[in-house]
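Structure, as structure tokens:
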Amino acid sequence: MALSPGQRGIIDQGQFDDLERSRESLEELPYTFRYWYRCDEPDCHGHKHSILDWEIGAAFRAWRARYTDEQTLLDKIHEKWFGQLTSDQYDTYFFVGNARQYPSAFMVLGVASPPTRTQLTLF
């Protein structure tokens with residue numbers, strides 16, 4: 001997700017000193033990752049949410065050193081976030097939120113994927 005001119009200005013002015021962050025640590029990811037899915041509503045045309053989860057950014061930065069080929073890196077990100085975390089083995093939940101400027105546009109702020117538990121039968 002590209003930074004707005006205002007966000008870029010804040011970074012360039014170094015207003016993150018109180019958070020003990022340097023300008024170098026605020027690296028913008030070169031990709032925007034999104035989930036696209038359909039809900040259970042009969043007339044659903046699908047939902048597309050950007051993933052702003054800290055964990056996907058941290059994985060991208062850490063795995064970039066391990067997987068020097070960019071396509072391999074993207075394949076590993078895809079495998080984890082669009083394969084493993086959303087597989088039938090997990091009961092996946094998205095933590096979503098929106099921004100004040102765009103109250104109807106939601107973003108995925110986090111993903112929880114506890115293992116799926118089999119429902120026991122009563123009879």
Side-chain angles (χ1 to χ4, degrees):
M1 177 177 278
L3 296 177
S4 73
Q7 291 168 325
R8 176 61 61 199
I10 290 171
I11 291 171
D12 291 342
Q13 292 174 22
Q15 294 181 15
F16 286 95
D17 292 340
D18 59 332
L19 299 176
E20 298 180 18
R21 295 183 184 179
S22 67
R23 286 170 45 172
E24 293 79 27
S25 70
L26 297 172
E27 174 190 359
E28 185 177 347
L29 293 181
Y31 298 97
T32 300
F33 300 104
R34 292 184 175 91
Y35 280 116
W36 184 89
Y37 62 94
R38 291 182 188 270
C39 66
D40 291 335
E41 293 295 319
D43 61 342
C44 178
H45 297 294
H47 303 275
K48 186 190 285 188
H49 297 306
S50 295
I51 305 171
L52 300 181
D53 186 359
W54 172 87
E55 191 175 359
I56 199 168
F60 182 88
R61 290 179 189 95
W63 294 354
R64 184 173 43 197
R66 186 182 313 164
Y67 307 109
T68 55
D69 174 58
E70 191 164 339
Q71 188 57 54
T72 302
L73 170 61
L74 293 174
D75 290 345
K76 293 295 182 182
I77 294 285
H78 190 272
E79 179 182 316
K80 171 85 176 191
W81 270 265
F82 302 96
Q84 178 187 347
L85 294 178
T86 58
S87 75
D88 291 341
Q89 296 176 355
Y90 296 97
D91 195 10
T92 304
Y93 298 90
F94 295 148
F95 296 102
V96 297
N98 59 1
R100 185 172 149 209
Q101 307 93 309
Y102 308 104
S104 62
F106 287 87
M107 302 154 279
V108 175
L109 305 175
V111 180
S113 297
T116 300
R117 295 191 323 174
T118 305
Q119 177 69 38
L120 301 175
T121 61
L122 295 175
F123 305 103

State whether the number of non-hydrogen atoms from other residues, nucleotides or ligands found under 6.0 Å of Q84 atom CD is greater than 12. yes
So if I apply the ring pair (Phe, Tyr, Trp, His ring centres under 6.0 Å) rule between H49 and each of Y35, W36, Y37, F33, which one comes out positive? Y37
So for atom CG, which belongs to D43, do other residues, nucleotides or ligands contribute more than 12 heavy atoms lying within a distance under 6.0 Å? yes
Nearest heavy-atom approach of V111 to T92 is CG1-CG2, 3.9 Å
R38 versus C44, closest heavy-atom pair with distance: NH1-O, 3.1 Å
Side chain to side chain contact (heavy atoms under 4.5 Å, CB included) involving R64 - partner list, sequence neighbours excluded: E27, F60, R61, L73
Assess whether atom CG of D88 is packed by more than 12 heavy atoms of other residues, nucleotides or ligands within 6.0 Å. no
Distance from K76 atom NZ to W63 atom CH2, nearest 0.5 Å? 8.5 Å
With rounding to the nearest 0.5 Å, note down the distance linking CH2 in W81 to CD1 in I51. 8.5 Å
Side-chain donor-acceptor contacts of residues 93-109 below 3.5 Å, not counting sequence neighbours, with atom names and distances?
residue : atom : partner : partner atom : Å
Y93     : OH   : D91     : OD2          : 2.9
N98     : ND2  : P103    : O            : 2.6

